[in-house]
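Data block below; observations after.
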Protein chains: 2
Amino acid sequence: MKRKFQDIYKQLSERIEAGTYQAGTTLPSEHQLAITYNASRETIRKALKMLSEHGYIQKVQGKGSIVLDMSRINFPFSGVTTFQELSQKLGSRTKTEVIHLKQEFGQLGEEGIVWHVHRVRHIDGERIILDKDIFSAQDVPHLTKEISEKSIYDYIENELGLTISFAHKEIVIEEPSEEDQNYLDLAENHVIVVIRSYTYLEDATLFQYTESRHRSDKFRFVDFARRVKK
Amino acid sequence: MKRKFQDIYKQLSERIEAGTYQAGTTLPSEHQLAITYNASRETIRKALKMLSEHGYIQKVQGKGSIVLDMSRINFPFSGVTTFQELSQKLGSRTKTEVIHLKQEFGQLGEEGIVWHVHRVRHIDGERIILDKDIFSAQDVPHLTKEISEKSIYDYIENELGLTISFAHKEIVIEEPSEEDQNYLDLAENHVIVVIRSYTYLEDATLFQYTESRHRSDKFRFVDFARRVKK
DNA sequence: CAGTGGTCTAGACCACTCG
DNA sequence: GAGTGGTCTAGACCACTGG
């Protein structure tokens, strides 16, 4: 598969992160980039659109593509991101403990066999997050303690070859449940940040429901958002 | 300005919301849409890309564009959205009270004259949100109590002709400050959801800093997110 | 196989910015 | 006016889906 514009995106984004293109300056013009990368202008524009969506640049008509200051974004948590990917950015001060792993008959969109997985996430020795997942057994036939401890997403994407595509998420604040109190290190006044999400595969089938329950004092959600045109 | 693909996006999105195109079915093919709208395929594809980004459809190679079920999304709060726009969706059970409005010398990116605006948002008679805004006086020379009560964004976009473009946001949980306790209707155990955001104009200049402090029991954040390709 | 979406091209015209 | 990005086109080739 050809992915010229993805390659161009990758190179430009790396150069911005490396400081080759400085924040506040403009990128070379689309015309110039087209010559440099031996591509048509529309192809360059697809790469620039991605840069814009990911917060690397701001396009201004008549001026050019201004490089933005990415350093403000500590870790991009928007999009669908996993604890495993997050823990890599935090260094290896994290640990996952599987406390429940069972196949049941249940409902996830349609009725069928599903996996129930409960995991406690440790950060710096404290129990911070309780993840309760339901996976469709149709899409994920096998699950082990080892896979659950490592990264289920990694297994799904790299071993099973499935492609995770999009998610609906909801974030609300709740009082700690009895389960939260048992499995998380909570102080007296702690509340729980609950992220409920439905995750879909490339063919738009629902394959996962997650309830990610975070100790509120350790919770942080960072987002880069563009204004929706009316 | 020509905006053919925006018009096509608008019509298709309206038809999906109206149920003319049912969830689970596919849209007409790109080729067919190109004929229908008298447009080239690339133009159709731009419209479909927008639909995809906004959660209306899922594209599957070789199959088509599958219409998704939008009804799950109660109100899209992702992107940069204002209380005023939100209140329109809640009906007119909302009220804004301006408790502070002053011009000062301060810092917003660079040093200069800035506006400080503090507003309490009432929903169904309860004081739920405390918004603390800082605006650059260079971009927003005039601000009145009336404008602040109605919608500053509306004033900025429609009266001043400025275009709000993107924002960095951060969401964290905090204990109520003294100010929170004075201006919000809080129960004993309430914590505060704090949304800090930096908002930028089209030319990438920082023009606003906002701290939006929500009573946690009334807080809900809903998002549609696509998985970021590595 | 036909039909679908994914990518790329070369060129055109327009709107905007800045000197 | 020269240079920039915004939009649109007509056609091409590829990869994937399904019967």
Side-chain angles (χ1 to χ4, degrees), chain A residues 1-12 21 24-53 56-68 161-163 165-166 200-205 226-227 229, chain B residues 1-12 21 24-53 56-68 161-163 165-166 200-205 226-227 229:
Chain A
M1 197 205 308
K2 288 234 193 160
R3 289 185 306 181
K4 194 184 263 198
F5 78 91
Q6 306 235 30
D7 294 340
I8 296 171
Y9 162 78
K10 199 177 164 213
Q11 180 160 146
L12 289 175
Y21 295 122
T25 65
T26 59
L27 291 182
S29 73
E30 296 179 350
H31 179 69
Q32 183 54 50
L33 287 170
I35 295 170
T36 305
Y37 286 99
N38 190 31
S40 75
R41 224 185 106 210
E42 284 286 14
T43 300
I44 295 296
R45 284 177 57 73
K46 282 180 188 167
L48 294 183
K49 181 134 194 292
M50 282 185 75
L51 288 172
S52 165
E53 284 165 354
Y56 284 98
I57 62 170
Q58 172 71 6
K59 305 189 80 175
V60 182
Q61 193 168 17
K63 279 191 182 169
S65 299
I66 302 169
V67 178
L68 298 179
L162 300 174
T163 303
S165 185
F166 61 95
Y200 297 78
L201 296 175
E202 214 172 15
D203 61 357
T205 59
R226 290 199 169 267
R227 178 133 170 92
K229 294 166 201 161
Chain B
M1 198 205 308
K2 289 237 192 155
R3 289 185 306 182
K4 194 183 261 198
F5 78 91
Q6 308 235 26
D7 295 341
I8 296 170
Y9 162 78
K10 200 177 163 215
Q11 181 162 143
L12 290 175
Y21 296 122
T25 66
T26 58
L27 292 181
S29 72
E30 296 179 352
H31 178 70
Q32 184 53 51
L33 287 170
I35 295 169
T36 306
Y37 286 99
N38 190 31
S40 75
R41 225 186 106 207
E42 284 286 12
T43 300
I44 295 295
R45 284 177 58 74
K46 282 179 189 169
L48 294 182
K49 179 129 196 290
M50 282 185 74
L51 289 171
S52 166
E53 284 166 355
Y56 284 98
I57 62 170
Q58 173 71 7
K59 307 189 78 175
V60 182
Q61 192 167 17
K63 279 189 180 168
S65 298
I66 301 169
V67 179
L68 298 179
L162 299 175
T163 303
S165 184
F166 62 93
Y200 297 77
L201 296 175
E202 215 173 13
D203 62 356
T205 59
R226 290 197 170 269
R227 177 132 171 94
K229 296 165 200 160

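Proteins come first, then strands; the chains are lettered A, B, ... in the order of their sequence lines, and each starts at number 1. Nothing here was measured: the structure is a model prediction, and the numbers come from that model.
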Just to be sure I understand the rule, does B/N38 reach a base, reach only the sugar-phosphate, or reach nothing, if contact means heavy atoms closer than 4.0 Å? sugar-phosphate
Atom CZ of B/R3 and atom P of D/dT9 are separated, to the nearest Å, by 16 Å
Can a side chain N or O of A/T43 be found less than 4.0 Å away from OP1 or OP2 on C/dT9? yes
Distance, rounded to the nearest Å, where A/E42 contributes CD and C/dC13 contributes P: 16 Å
May I ask you to decide if the ring planes of A/F166 and A/Y200 are parallel, tilted or perpendicular, using 30° and 60° as cut-offs? parallel
Which of D/dC8, C/dC8, D/dT7 is nearest the side chain of A/S40? It is C/dC8
Any donor-acceptor pair under 3.5 Å from B/T36 side chain to B/Q32 backbone: yes
Please report the distance, rounded to the nearest Å, between NZ in B/K46 and C1' in D/dG6. 8 Å
Yes or no on salt bridge (Lys or Arg N to Asp or Glu O under 4.0 Å) for A/R45 and B/E42, after CA distance, side-chain angles and deciding distance? CA-CA 13 Å; A/R45 284 177 57 73; B/E42 284 286 12; over 6 Å; no
Just how far, in rounded Å, is C1' of D/dT9 from CZ of B/F5? 15 Å
Between protein and nucleic acid, restricted to nucleotides 2-5 of chain D and to nitrogen or oxygen atoms under 3.5 Å apart, what atom pairs and distances do you find?
from	atom 1	to	atom 2	distance (Å)
D/dG3	N2	A/G62	O	3.3
D/dG5	OP1	A/E30	N	3.4
D/dG5	OP2	A/E30	N	2.8
D/dG5	N2	A/Q61	NE2	3.3

Going by the rule side-chain hydrogen bond (donor to acceptor under 3.5 Å, both in side chains), which residues pair with B/Y37 if we only count those two or more places apart in sequence or in a different chain? B/Q11
Please give, in whole Å, the distance from C/dT4 P to B/L33 CG? 10 Å
Please tell me if A/K4 has a side-chain N or O lying less than 4.0 Å from either OP1 or OP2 of C/dT9. yes
Go through the structure and list residues passing side-chain hydrogen bond (donor to acceptor under 3.5 Å, both in side chains) with A/D7, not counting sequence neighbours. none
For B/E30, run the salt bridge (Lys or Arg N to Asp or Glu O under 4.0 Å) check against B/R41, B/K49, B/K46 and tell me which one passes. B/R41
So, does A/E202 use its side chain to make a donor-acceptor pair with the main chain of A/L162 at under 3.5 Å? no
Atom OH of A/Y9 and atom P of C/dT7: how far apart are they, to the nearest Å? 15 Å
Whole Å only: how far is the CD atom of A/Q58 from the P atom of C/dC16? 16 Å
Rounded to the nearest Å, what distance is computed from the NZ atom of residue B/K49 to the C1' atom of nucleotide C/dT7? 13 Å
